[in-house]
Amino acid sequence: MKTAAEIKTNKLTLVQAVTDGLRTMLKEHEEVLVLGEDVGQNGGVFRATDGLAAEFGEDRVMDTPLAEAGIVGTSIGLAINGFRPVAEMQFLGFVYPAYEQIMTHASRIRSRTLSRYSVPMVIRAPYGGGIRAPEIHSDSCESLFTHMPGMKVVVPSNPYDAKGLLIAAIEDPDPVLFMEPMRSYRAFKDDVPEEKYTVELGKGAKLTEGEDVTVIAWGNMVATAQKAVEKMEAEGISCELLDLRTLYPLDKDLIAESVQKTGRAVIVHEAPETGGVGNDVLSVINEEAFLYLRAPVSKVAGFDTPFPFFSLEEEYLPTPERIVHAIKKSVTF
Amino acid sequence: MKTAAEIKTNKLTLVQAVTDGLRTMLKEHEEVLVLGEDVGQNGGVFRATDGLAAEFGEDRVMDTPLAEAGIVGTSIGLAINGFRPVAEMQFLGFVYPAYEQIMTHASRIRSRTLSRYSVPMVIRAPYGGGIRAPEIHSDSCESLFTHMPGMKVVVPSNPYDAKGLLIAAIEDPDPVLFMEPMRSYRAFKDDVPEEKYTVELGKGAKLTEGEDVTVIAWGNMVATAQKAVEKMEAEGISCELLDLRTLYPLDKDLIAESVQKTGRAVIVHEAPETGGVGNDVLSVINEEAFLYLRAPVSKVAGFDTPFPFFSLEEEYLPTPERIVHAIKKSVTF
Amino acid sequence: MEKEFPIRQVLDGEGNITDDSYDLSEELVKDLYGKMLRARTLDKKSVNLQRQGRIGTYAPFEGQEASQVGSASALGEGDWMFPTYRDHGATLTFGHSVTTIMLYWKGRVEGCVPPEGKNIFPPAVPIATQLPHATGAAMAEKRKGTDRVSIAYFGDGATSEGDFHEGLNFASVFKAPVVFFNQNNGYAISVPIEKQMNSKTIAQKSLAYDMDGVRVDGNDVLAVYFETKKAVEKARRGEGPTLIEAVTWRYGAHTTADDPTKYRDQQVSEEKRNKIDPLLRLERYMEKQGFFDEQWKQDVTAQCDREIEQAVEEMEAFPDADINDMFGHVFKEPVWTIEKQREDYLTFKRGETV
Amino acid sequence: MEKEFPIRQVLDGEGNITDDSYDLSEELVKDLYGKMLRARTLDKKSVNLQRQGRIGTYAPFEGQEASQVGSASALGEGDWMFPTYRDHGATLTFGHSVTTIMLYWKGRVEGCVPPEGKNIFPPAVPIATQLPHATGAAMAEKRKGTDRVSIAYFGDGATSEGDFHEGLNFASVFKAPVVFFNQNNGYAISVPIEKQMNSKTIAQKSLAYDMDGVRVDGNDVLAVYFETKKAVEKARRGEGPTLIEAVTWRYGAHTTADDPTKYRDQQVSEEKRNKIDPLLRLERYMEKQGFFDEQWKQDVTAQCDREIEQAVEEMEAFPDADINDMFGHVFKEPVWTIEKQREDYLTFKRGETV
Ligand SMILES: Cc1ncc(C[n+]2csc(CCOP(=O)(O)OP(=O)(O)O)c2C)c(N)n1
Ligand SMILES: Cc1ncc(C[n+]2csc(CCOP(=O)(O)OP(=O)(O)O)c2C)c(N)n1
Ligand SMILES: [Mg+2]
Ligand SMILES: [Mg+2]
């Protein structure tokens, strides 16, 4: 192992860390291919694939026709035949046309063939609100995939995790949906190691230690929750903040241990509350920490409405204030 | 109001009650159209539309090309322009290609246009396991729609409800997914009124009164749960069995009252456990009955695996025995 | 297939008539010019508003005015229009309100609501999804026994989506009165048409459906107008759908968030401005015909400017977005989940405890 | 378009040569006949097994043997096959195991696993979804620098799905070595082709992609074989994909759960049996050529019967489905959710308390 001093790092934003992760894997594995709409010469609408076509050639970083089912469907064909496609959905809200290919094929092929065929594919997609994007662009539909047997779902909240999780996702032998929080793309920079490293799938992170309440979030909501947690600390309420990082499979032990300790949980997500992944977290708590609960589990989530036009998006998205409110309600239950 | 004696009824199976509901509405409203694959001359692969093309003409009961997105997409166009299409997905497992049209249009058009346009459309689909069908045919993917703002989701468990809920769904001003449990299609007959009647959307039914445990199910699982409940009664454990009937919006009051009384709940569904509608029910219980709970809420559900090939389907589907087991665990917690 | 589907043109870039089979009245020409100028004024203003942060991301269409205005002018009252995010020249011409169009880009849902009596569907953001809607709405008119038609707008990139195929197939099977109006600007964001499809034309895709297909110079407003009119009339007569490919060019960026220099030489756009511009060619034609008049142009320009400025004012004076609109239109009849969320949220906003 | 895409034929229903440009050896003819008989034997046996309740719902293909056997015979070792639920004649010919095929219809996941070294994908149940897979697998071979191709099978109904369009478009853009092999039997369950599409042929849909398209008599095994071979060889040479429309007829029901009398006159099937049957026409040809021999036919028949019977025995002797296979192959590395579900369930099954 190298010591910290020997590891060269760069200050990167989350989107740059994604590019770095892709570059690392394109370099290391000839089977890794990047494909999608505008990922080639244009470098992606967020520059997530900037420079990669020039560096690795347009036959490894491929612009495709504008057809999400086609992108995923051909990626499946590539994946069962020796390649590791990393397909980009330009926005997660445009994954819906590909839903059938993911649901009936990508996620089932290993099962259906008793592992004779498998689909080591990553579907990358920017998601979430807060950047004043047009309709559909801001959808957070992770639970359409956590409910889909055979898919893993991963969401980084910071540049370090973004690179490490992306590499782990590409190395994973099975299909992974890799969601990238747009609002966090350029929000801040981290020291990101230049070399290859992985952040293990299925493991969340405890960002702050606390006693009174467990706050659970992912993606951009981690930063939002962080602000709430800081306010609470100032008021003497000690929160344990968990960044789930992987939404399927959930890090059961992390959630269980924390809620067993605090007896209270506030879950934060952007997606509509009904049917959201918050309910899966609730289910883990119900099973693992029932006897420890001192208040109902609370959710601060998107409403059961379509993601609104951007003039109202800040009303829709969970805010530190709404989270504070929920924490206080939980503590005073 | 007519007295019971004046209401003429027929003994119908669930699938016949569906046909009866369609016929009733085709007769009453010229704007009602039935369309889908094989719904015309063939009368549907389950005979759900048997005789309707002959009775109402092929321009009101229309065979379409084999394209689910096209069926839903053109139905949207018909719906915003004065008609009430009832589109059939041949099996719920084939709804995935239409997911985009439902998610980004059918469910959002009212919201997006501040009610200038609306989509009074019903999507009917047989679903669920237990009839030894080939792959994909047995999927239960209700939570892809309960998580979709703007959709209602309805599932009858018996012939009477099937007709009444279907008519209510067709009369509803907004899009409704109407799921028909295949295994119940011909399982038994009910007295079904010949005339038009509705069963209110959003309201579940209490099938048995009980004290010790609330058992919650829908669709074909109601019959399965019923068997478990009967066994329990024989052993002196008294169960309250709820048939949810509508999965969005859930009948919060029914669930809350029951679980507040019993303090225990067992939820039964066919879909994979993670992300299933069971978790929405759990969420209602967490919010409405937290202080009454005497045991963790229990779920008897499909596993987090693709619905298996039919040689294993009876292992996958919840059985009375598994439900009994869960009830006992809950009661002895 | 370029031979089987020649690009139909009435007026070349220099303003010369290349097909004299049409009757070109001064009135028609001036009307189309005025509409194009109005569209261009809206477009340029919107780009500026975005630069100044007064609206959000915007999708410009400068260069495509002939395609949009020519086609929309061929429609009649009561017809249905299914536009994309870029077809404001078409919706405007068809009777949409400038203020509404601008509100859309200001992140306001009100931007989706057409003037009373106008059948203009909200812009389709998910590519190609509007084609089946147009087919369905047209089937509805046919069922009602009217002679109304629908028109769907979409780009070259949209032809790759499954919904393009399904929309056209349904229309052809049900002989629906639809015009599928494609604006082929050669790019889907950065992806050039050669990477989008192997075919040289989009019109030829009609052959898959035994549907009529025609290729037209999309910068020639007269050709677009007459060809669309033919398709519309054919549809009204119950003779089914048509696929029109209007070959055009968008001078600017895909949207204001896009940098076209990443994928194409913007010099080309500058050259095209002089060679094939829809407005310029009409000016040249009018000059040649002797009915172009600088004063008239200035008047029309001033009128367009005034109208657009006034719409900007209206847009900016528009009352703030109402949070209740978000909760209030998901369903016609309220459901408890959303009602509870609304109440909890409004209570929270008022600073009370729930 | 029927003129532009004439139905290519080598042998007519009476066994007469209608195109003498091919070299027809006795060996080739007998080989194809034997394969078709083997496929038909499997098919008939499966229908019987279903009737006796020994397997589940089954999708018969009797009548389509020439399409399936002719095309599959044109492939080489290492090529990729993407079949539907009805293409057992093709997979069998390409080297699939009879037992495996039957296991599929017995509701056994083992029915999806091809023999080692055979690139046969599991049958696609969701219509048309396999077309993009075939394109992707072909792109993979191209990238690897091999000359392997893939072939996708699909029906007339499948052409309506978006995935058909996207699969063909990607293949044409990436010049992928794929053969899109359509079996046009005129029906998608009950829906006749006239309600499925407005076009008279399926082959013409290739024009949308500037792709080669050909129409062939799908009951003429020789024509199918030679046309597929040409497409395969073209693909191997790096000259891209081909769409083949094989015009054929399925005598029986859509599946054993279907009642064709609801939507078509089954008398037609009986007439076709005598007029265009793939096996019968080959027998007639062989007779005319003087190399048909009843004894040979009886031997081949007996051999097919033996083989199929043996497979039935194997299928029925196959060990019971293992519940662990359901839990064990969702992911390569186990995840706790499924592991917990498995353990809880197995514990429950053992009658213990969890
Ligand atoms: C289903 C879907 N996928 C991706 C996008 C992102 N996107 C927006 S516009 C566009 C390109 C559209 O190109 P084209 O159809 O040619 O229309 P143009 O923008 O050139 O007018 C893309 C990929 C989208 N809006 N919808
Ligand atoms: C996406 C999807 N929709 C519907 C079905 C139900 N279904 C199974 S086979 C079939 C008809 C297929 O017709 P065609 O493509 O002509 O093939 P054939 O069965 O005639 O060989 C239908 C509608 C399905 N399997 N998948
Ligand atoms: Mg374009
Ligand atoms: Mg067919």
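Numbers restart at 1 for each chain; the letters A, B, ... are given by sequence-line order, proteins then strands. These figures come from a predicted structure and were not determined experimentally.
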Query raised in the report: Step by step, would you call Glu68(A) with Glu166(D) a side-chain contact (heavy atoms from CB on, under 4.5 Å)?
Result: CA-CA 9 Å; Glu68(A) 289 75 13; Glu166(D) 300 189 16; over 6 Å; no
**Report entry** chain D contact residues among residues 163-176 of chain A, heavy-atom distance under 4.5 Å
**Finding:** Pro173(A), Asp174(A)
Requested in this report: Determine, for Arg143(D) against Glu30(A), whether the closest basic-nitrogen to carboxylate-oxygen distance falls under 4.0 angstrom.
Outcome: no
Query raised in the report: Highest number of heavy-atom pairs under 4.5 Å with chain D: which of Thr104(A), Ile76(A), Ile80(A)?
Result: Ile80(A)
Report summary line: One option among Pro249(A), Gly202(A), Pro85(A) has the most heavy-atom pairs under 4.5 Å with chain D, and it is Pro249(A)
**Report entry** Heavy-atom contact with chain A under 4.5 Å, split by part of Val109(D)
**Finding:** both
Query raised in the report: Distance from Arg108(D) atom CZ to Leu114(A) atom CG, nearest 0.5 Å?
Result: 9.5 Å
Query raised in the report: Non-hydrogen atoms of chain A under 4.5 Å away: do they reach the side chain of Phe327(D), the backbone, both or neither?
Result: neither
Report task. Kindly give the heavy-atom pair with the smallest separation between Tyr248(A) and Thr337(D), and that separation in Å. Result -> OH-OG1, 2.6 Å
Requested in this report: Compute whether any side-chain donor of one residue and acceptor of the other, for Ser111(A) and His329(D), lie under 3.5 angstrom apart.
Outcome: no
Query raised in the report: What's the spacing between Asn81(A) CG and Lys142(D) NZ if we round to 0.5 Å?
Result: 14.5 Å
Query - Residue, of Asn169(D), Ile338(D), Val335(D), Val125(D), that accumulates the most heavy atom pairs under 4.5 Å with chain A - result: Val335(D)
**Report entry** From His105(A) atom NE2 to Asp163(D) atom CG, the distance as rounded to the nearest 0.5 Å
**Finding:** 8.0 Å
Report summary line: In this structure, NZ of Lys118(D) is separated from CZ of Arg116(A) (nearest 0.5 Å) by 11.5 Å
Report task. Check the pair Lys144(D) / Glu31(A) against salt bridge (charged side-chain N to carboxylate O under 4.0 Å, His left out), numbers first and verdict last. Result -> CA-CA 10 Å; Lys144(D) 293 180 194 171; Glu31(A) 313 86 59; over 6 Å; no
Report task. Please confirm whether the backbone N or O of Thr129(D) pairs with a side-chain atom of Glu100(A), one donor and one acceptor, at under 3.5 Å? Result -> no
